[in-house]
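The next block holds one structure in the form of structure tokens; read it before the comments.
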Number of protein chains: 4
Amino acid sequence: MARGAALSPRKKPRQERSRQTVAAILGAAAQVLERCGYAGATTDAIAQRAGVSVGSVYQYFPNKDAILVALVERHMDEGSRLLAGMLAEVRGKPVDLEALIRRFVDAMMALHRNDPKLHRVLFEEAPLPASLRRRLQRYEDEFAESVASLLAELPGLRMESPTLAAHIVVRSIEGLIHSFVLHPPPDIEPETFCQEVVALLVGYLR
Amino acid sequence: MARGAALSPRKKPRQERSRQTVAAILGAAAQVLERCGYAGATTDAIAQRAGVSVGSVYQYFPNKDAILVALVERHMDEGSRLLAGMLAEVRGKPVDLEALIRRFVDAMMALHRNDPKLHRVLFEEAPLPASLRRRLQRYEDEFAESVASLLAELPGLRMESPTLAAHIVVRSIEGLIHSFVLHPPPDIEPETFCQEVVALLVGYLR
Amino acid sequence: MARGAALSPRKKPRQERSRQTVAAILGAAAQVLERCGYAGATTDAIAQRAGVSVGSVYQYFPNKDAILVALVERHMDEGSRLLAGMLAEVRGKPVDLEALIRRFVDAMMALHRNDPKLHRVLFEEAPLPASLRRRLQRYEDEFAESVASLLAELPGLRMESPTLAAHIVVRSIEGLIHSFVLHPPPDIEPETFCQEVVALLVGYLR
Amino acid sequence: MARGAALSPRKKPRQERSRQTVAAILGAAAQVLERCGYAGATTDAIAQRAGVSVGSVYQYFPNKDAILVALVERHMDEGSRLLAGMLAEVRGKPVDLEALIRRFVDAMMALHRNDPKLHRVLFEEAPLPASLRRRLQRYEDEFAESVASLLAELPGLRMESPTLAAHIVVRSIEGLIHSFVLHPPPDIEPETFCQEVVALLVGYLR
DNA sequence: AATGAATGAGGCTTCATTCAT
DNA sequence: CATGAATGAAGCCTCATTCAT
């Protein structure tokens, strides 16, 4: 990891062609990371798979890690859109606990189903720069806070601390689904699994 | 990572001196991995910290991966001893569900508290050879099976599938504690957290 | 540096606009060379500072060397105009030795004062193509010859060889002023320095 | 040029073999620099000419510039030994001005005769780190100071400022010989040239 | 067995130059 | 003609591994 160096994209693509190139690079990086892991994702491999030359990669990203960061950000954006959407949707009309949890589980499942391996490489294997790690942390904390306030408003739940409960909820959903998607246990259908996760948390909160 | 190469220690250390050297190398590798991450753990760094020369490292390990594998095995051994001990202890006398879960949680906590960072590097960041990954998987499955049969014997639990339940239990404990140790949420004591995890699972199973 | 390639400007700028562009590029190259040294003077940097695209640079110069060569030629032209002017002025009316040397020193000082750093980069740091180096050499020899014949005509000088004397004169003036401008010794005024150089050479020739 | 980075040798060679390797690398670097200039002196070229692999180069030098620095230091050492020796020799017994200057000229000639092109590349073409440039400057100033005090003690010299005179002496000798060695003017023998330089300075100082 | 010097493939990055728009 | 995106050879450097001592 380049320390303190520029990690943000180098140049905003002005022409249409450039935007395509950047997209191709990010897509290629995702594929290569998924297939070969962090160590195997060389800049040459990424460029080749993107169908461009290394030079083009460096026209838009100051170094290899910047590609990674861009990818993580793309994932974070997607994730936060999904979760924010879910929260907004839920906040409006009153829902019962089970429906709430189920939505949450579904959203998380959707988030992980796309490319679970890439997710793993990106968030576990890759040595992300500290700043990005902090942002991730902050983001997860905020999300947990939202869930906490949501739980606090639900009637009929006995909790000592909504914050603690929210943490447990957020992290067990995240952890369970992550592990399920990455190492699916034999003979268990996703739907069955999701129902069980919902049962786990409803039992906990009620 | 050299794939498909020999990964088992090159030579069984027969003499005392050799055994010490191997231990020193493994200890050094653990420290370096913890401090510098996977990328920073060069063979030179490990050798230096172990107080031996690179040549000596290759006297006992055929390649860098083998060190990593040995380290993972050491951790697995420790873990399986801990968990097996717990299972044995529990199997003898009848315990109630809560006590059972609590023991499990405590064991897992003990497993992670030692050097959480090393654990993370070893099991998430490092690109373990496929064979080892399979062994880890198999081991976890076996453990889940043990838990399943244990649960099946407990009276008063309504479960559709002990296997599924065991999976949920094993993975949520593992996931929650892992994340708690690595990214401790603000203002939450370990003890409080453990109690909450227990509550989560007891609520689920009962 | 591409050796043996075409080094003369690719296309004579016929139109006003082109001439401006070429001038802008040369000016930019001078600035960039001065600020960033030879290594830092990339074609992109030059184009950017000139306010044109790299493509445009290559419209007028077949390669990077050609820019450098043009710049050196510009400097040589300026220098030879200055020195030729001085020689012409001196040849007409009879001057005494001291005035002659003083003029020479002043001209050389004027030549170096403008942008000493650029001068250094251009003539020392940059790997000029051999052909240009030869031209520079030839030019300096011719100039020394002129000085030699001038000295030969001056009465009252005892010299074994006007050629040798001229060489000594030309090169010591050049060398002293070059070094003075680039690494000014502490607490010495330019004027004082010039007088001293004059004294040196007058003492030598008389 | 690596900024602020380590430029001093990486590892003191302990074994005899290492010392040979370091010597070979420095020698090779000198040759390559001389033949190919700064730009052409790639690490691979140096390693190849030294008969070792790139890796070996980096075992002893942290980066390419460190080789250059070592070379410059070697030259500086040689130079300062030569000049210091000359100064010491001269300080003891009383010498007349001409003999003094002559010694100086001879020493400088000796310094430049070895590998004049390398000298040029090293001190003019190569972008030396600022710290080294300062050391060079300081060294040259000290030497000029020594010469100044030497001159101050000589009887029968009329100088307004020994410091200024010393500067003129040091720099004109250095400049003239440098240029003579690098671009020898046609039909002038070194001995003739040296005598002329001596004449120049004796005429100046007396 | 131990040492540490030597190896060299391979990764990251730059930048002169070309070319499609 | 101008633009700036694309190219890719080539340079620097690292580090797992081997080998002479």
Side-chain angles (χ1 to χ4, degrees), chain A residues 2 11 13-22 39-47 51-65, chain B residues 1-2 5 11 15 17-18 21 39-48 51-65 67, chain C residues 1-2 5 11 15 17-18 21 39-48 51-65 67, chain D residues 2 11 13-22 39-47 51-65:
Chain A
K11 175 206 279 188
R14 304 238 164 116
Q15 302 180 5
E16 175 54 26
R17 187 164 45 136
S18 320
R19 224 169 300 126
Q20 282 178 11
T21 302
V22 169
T42 70
T43 52
D44 277 334
I46 293 172
V52 300
S53 65
V54 232
S56 289
V57 172
Y58 281 87
Q59 195 127 92
Y60 300 104
F61 299 94
N63 51 51
K64 187 186 160 186
D65 288 326
Chain B
M1 279 264 161
K11 165 198 299 191
Q15 297 160 24
R17 174 104 160 287
S18 306
T21 304
T42 68
T43 51
D44 273 330
I46 293 171
Q48 185 162 21
V52 300
S53 64
V54 230
S56 291
V57 172
Y58 279 85
Q59 199 69 218
Y60 296 105
F61 298 91
N63 53 48
K64 194 184 160 187
D65 265 13
I67 306 176
Chain C
M1 278 260 163
K11 165 197 299 188
Q15 297 160 25
R17 172 103 160 289
S18 307
T21 304
T42 69
T43 51
D44 274 329
I46 292 171
Q48 185 163 20
V52 299
S53 63
V54 230
S56 291
V57 172
Y58 280 86
Q59 200 68 219
Y60 297 104
F61 298 92
N63 52 48
K64 192 185 162 187
D65 265 14
I67 306 176
Chain D
K11 174 205 280 188
R14 304 240 165 115
Q15 304 179 4
E16 175 54 26
R17 186 163 46 138
S18 321
R19 224 169 301 125
Q20 283 179 10
T21 302
V22 169
T42 70
T43 52
D44 277 335
I46 292 172
V52 299
S53 65
V54 231
S56 289
V57 173
Y58 282 88
Q59 195 128 93
Y60 301 104
F61 300 94
N63 52 52
K64 188 186 159 185
D65 288 327

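Quick note on labels: first sequence line is chain A, next is B, and so on, each numbered from 1. Fair warning: this is a prediction, and the values are worked out from it, not measured in the lab.
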Query raised in the report: How would you label the contact of A:Val54 with the nucleic acid (heavy atoms, under 4.0 Å): base, sugar-phosphate, or nothing?
Result: base

Requested in this report: Name the nucleic acid region contacted by C:Ser56, choosing base, sugar-phosphate or nothing; use a 4.0 angstrom heavy-atom cut-off, strictly under.
Outcome: base

Protein-nucleotide distance ([X], atom [atom1]; [N], atom [atom2]), rounded to Å:
X	N	atom1	atom2	result
B:Asp65	F:dT17	CG	C1'	13 Å
B:Ile46	F:dT17	CD1	P	11 Å
B:Gln59	F:dT17	CD	P	15 Å
A:Gln20	E:dA20	CD	C1'	13 Å

Nearest to the [X] side chain among [options], which nucleotide is it?
X	options	value
C:Tyr58	E:dT17, F:dC12, F:dT3	E:dT17
C:Asn63	F:dT17, E:dT17, E:dA16	E:dT17
A:Thr43	F:dC13, E:dC12, E:dG4	E:dC12
D:Tyr60	E:dT17, E:dA5, F:dC13	E:dA5
A:Ser18	F:dA5, F:dT7, F:dT17	F:dA5

Taking all non-hydrogen atoms of both residues, which atom of [X] and which atom of [Y] are closest, and how far apart?
X	Y	answer
B:Ala47	B:Ser53	CB-C, 3.8 Å
D:Gly40	D:Ala45	O-CB, 4.3 Å
C:Thr43	C:Tyr58	CG2-OH, 3.7 Å

**Report entry** Value rounded to 0.5 Å, distance of OG in C:Ser18 from CD in C:Gln59
**Finding:** 9.0 Å

Report summary line: Angle separating the five-pair end axes of the helix from E:dA2-F:dT21 to E:dT21-F:dA2, nearest 10°, is 10°

Query raised in the report: Do the side chains of B:Ile67 and B:Tyr60 get nearer than 4.5 Å, heavy atoms only?
Result: no

**Report entry** Residue closer to the 5' end of DNA chain F, B:Asp44 versus B:Gly55 (nearest nucleotide)
**Finding:** B:Asp44

Report summary line: Result for 5'-nearest mapping on DNA chain F, choosing between B:Ala41 and D:Lys64, is D:Lys64

Query raised in the report: How do D:Val57 and B:Thr21 order along DNA chain E: which one's closest nucleotide is nearer the 5' end?
Result: B:Thr21

Query raised in the report: Using a cut-off of less than 4.0 Å, is there contact between a side-chain N or O of A:Ser53 and OP1 or OP2 of F:dT7?
Result: yes

